[in-house]
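Everything below concerns the one structure shown next.
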There are 2 protein chains.
Amino acid sequence: MLWQRAREPHAHRWSLPGGGLGAEEDVEASIRRQLAEKVDVRQLSHVEQLAVFSAPGRVPGMRVVATAFLGLVPSDIDPVVPSDTAWHPVDALPATAFDHQAIIHKARGRLASKLSYTNLGFALAPPQFTISALRELYSAALGYPVSATNLQRVLSRRGLLEPTGDTAPPGPAGGRPAALFRFASRGMRVTDPFAVLRPPTGRSVVP
Amino acid sequence: MLWQRAREPHAHRWSLPGGGLGAEEDVEASIRRQLAEKVDVRQLSHVEQLAVFSAPGRVPGMRVVATAFLGLVPSDIDPVVPSDTAWHPVDALPATAFDHQAIIHKARGRLASKLSYTNLGFALAPPQFTISALRELYSAALGYPVSATNLQRVLSRRGLLEPTGDTAPPGPAGGRPAALFRFASRGMRVTDPFAVLRPPTGRSVVP
DNA sequence: CCACGTTTTCGACCCTTAGGCGAAAACTGG
DNA sequence: CCAGTTTTCGCCTAAGGGTCGAAAACGTGG
């Protein structure tokens, strides 16, 4: 989600939402406030720190140190945004202001890897979904196709997916009705990768 | 590595090295400068951003937003440090200033997980090492014992370990001389965990 | 110099998890 | 009732980690 800058520097160019840090808030409270002020995005399903961007010349004319965040919104939600704000497909972005291109690139990398070893999919998916819908979400987020069969089995085996019992009606072309699922837990859960470092008894990493 | 604060606030308490951001440097250049100024640590084998700590009251009396870093030094190096600075075992830390306890905790978690799915061990290990020495390093960093057999095979299979051909002399109690190894590449290399999200052809994540 | 304790190394076997394929199931439309 | 579609499920294979125990290579003490 980008909005078009009104003022210099980089007027009229698309940029990530953000703003200055207030005296009584930390950076996460700040970015949530910025989003709530400038655009109507209250349904953030996940927010996490990405990185600090602090190159001296990243904003012409003044020194700005930015803490970039990765924020996710479920796919079923289409927040109303002001006229200067719009959603863009991450594969076809317009020219962006400052170093925002690099921030977006880093954000996408973070999303891709966290989709692999966490249940972060819950933040992208609606409350209920079919496996094929989830497959499309994952494919879009990752940038390459994933197998629906595998996705279901892997997520199930990790205990992240549970059936609701309901089914979704088939499409116009027919087909077997798809079973509906939901994510087992809200909030992030990490499935620790690799076992070299797994304690002999099977405890998790750094309790 | 901690040093004892000379001035208020939190005088005489142990704290992480750090300092203000200069006008002509980014945060990474800054932390490297701080380390070079205050203590003689030029052999940093790895430096990465950890997180921003920005709670309004984290430093009493003034507003300080800190970008925390994780920095590693190979185990064979014992940098000379000023009299107010000392290395502490991470399992037996003294009382620390501000929120540095939380920073250290986060750093250790990051180190533990990156040891699992990257070759970050290269930053902890000396140029040459035996498998048992590496095993002790990993065990210490992770906080629980790891199997030497497994460690060798896993790292070898990932192509991270290569034999030097030499052997280390046995200890005072005798024993078979241990073969010496080195890490195949300096610089961080990520072995992407889990394969659900691996493209059908085997391409890596986000080229 | 030979038996013994020590440390390292290597191989064998098992288990868990992912990837792929194809058949069966369940539905629509004609 | 039949053809076409979409989903689901089971089976098989491959890869990676976990464990165990035997063999290799060394020092030491009798």
Side-chain angles (χ1 to χ4, degrees), chain A residues 115-117 119 128-136 138-139 142 144-181 191-205, chain B residues 115-119 128-136 138-139 142 144-181 190-205:
Chain A
L115 276 181
S116 300
Y117 63 95
N119 66 339
Q128 299 200 359
F129 48 85
T130 67
I131 295 297
S132 13
L134 193 64
R135 187 193 90 91
E136 285 177 28
Y138 270 73
S139 299
L142 294 171
Y144 52 79
V146 301
S147 149
T149 299
N150 246 327
L151 186 62
Q152 158 153 22
R153 195 187 10 175
V154 168
L155 294 183
S156 298
R157 183 141 49 190
R158 292 182 194 166
L160 302 179
L161 224 53
E162 62 186 23
T164 67
D166 284 338
T167 59
R176 176 172 176 169
L180 287 172
F181 292 83
T191 35
D192 45 10
F194 295 110
V196 199
L197 317 166
R198 194 180 300 158
T201 54
R203 296 287 309 146
S204 179
V205 175
Chain B
L115 276 182
S116 300
Y117 64 94
T118 70
N119 66 340
Q128 299 199 356
F129 48 84
T130 67
I131 295 297
S132 11
L134 193 64
R135 187 194 90 92
E136 285 176 28
Y138 271 73
S139 299
L142 293 171
Y144 52 79
V146 301
S147 149
T149 299
N150 246 326
L151 186 62
Q152 159 153 20
R153 192 177 18 148
V154 168
L155 294 183
S156 298
R157 185 142 49 189
R158 292 183 196 164
L160 303 180
L161 224 51
E162 63 186 23
T164 67
D166 284 337
T167 59
R176 176 172 176 169
L180 286 172
F181 292 84
V190 176
T191 34
D192 46 10
F194 294 110
V196 198
L197 317 166
R198 193 182 300 162
T201 53
R203 296 286 310 143
S204 181
V205 174

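Just so you know, these numbers use all the heavy atoms, side chains as well, and skip hydrogens, waters and symmetry mates. By convention in this document, chain letters (A, B, ...) are assigned in the order of the sequence lines, proteins followed by strands, and residues within each chain are numbered from 1.
- One atom, CD1 of B:Ile131, and another, P of C:dT6, lie 23 Å apart when rounded to the nearest Å.
- Rounded to an integer number of Å, the gap from CG of B:Leu134 to P of C:dT8 is 13 Å.
- Residue B:Thr149 is classed as a base contact, given a heavy-atom separation below 4.0 Å to a base.
- In this structure, B:Ser147 does not reach the D:dG18 phosphate: none of its side-chain N or O atoms is under 4.0 Å from OP1 or OP2.
- In this structure, the side chains of B:Leu161 and B:Phe129 come closer than 4.5 Å at one or more pairs of heavy atoms.
- Taking all atoms of both residues into account, the shortest heavy-atom contact from A:Thr130 to A:Ala178 is CG2-CB, 3.6 Å.
- A heavy atom closer than 4.0 Å to some atom of DNA chain C occurs in B:Ala173, B:Gly174, B:Gly175, B:Arg176, these being the qualifying members of residues 166-176 of chain B.
- For the pair B:Arg135 CZ and C:dT7 P, the interatomic distance rounds to 12 Å; values are reported in whole Å.
- Checked options B:Val146, B:Asn150, B:Thr149; the residue passing with B:Arg135 is B:Val146 (criterion: side chain to side chain contact (heavy atoms under 4.5 Å, CB included)).
- Going from atom CZ of A:Arg153 over to atom P of D:dC9 covers 12 Å, rounded to whole Å.
- In this structure, OH of A:Tyr117 is placed 20 Å from P of D:dG16, rounded to the nearest angstrom.
- In this entry the distance linking CZ of B:Phe181 with C1' of C:dC10 reads 11 Å, nearest Å.
- Side-chain contact check for A:Tyr138 versus A:Leu151: some heavy-atom pair is nearer than 4.5 Å.
- In this structure, of D:dC26, D:dT8, C:dA18, it is D:dC26 that holds the atom nearest to the side chain of B:Pro177.
- Counting non-hydrogen atoms under 4.0 angstrom, B:Ala179 reaches the backbone sugars and phosphates but no base.
- The CG atom of B:Leu151 sits 13 Å away from the C1' atom of D:dG18 (whole-angstrom rounding).
- Minimum atom distance to the side chain of B:Arg158 is reached by D:dG17, of the listed C:dA18, C:dT8, D:dG17.
- Atom CG of B:Asn150 is separated from atom P of C:dT9 by 15 Å (rounded to the nearest Å).
- Residues B:Phe181 and B:Gln152 come closest through the heavy atom pair CZ-NE2, 3.6 Å.
- When distances run from any side-chain atom of B:Arg157 to the nucleotides D:dG16, C:dC10, D:dC26, the shortest one goes to D:dG16.
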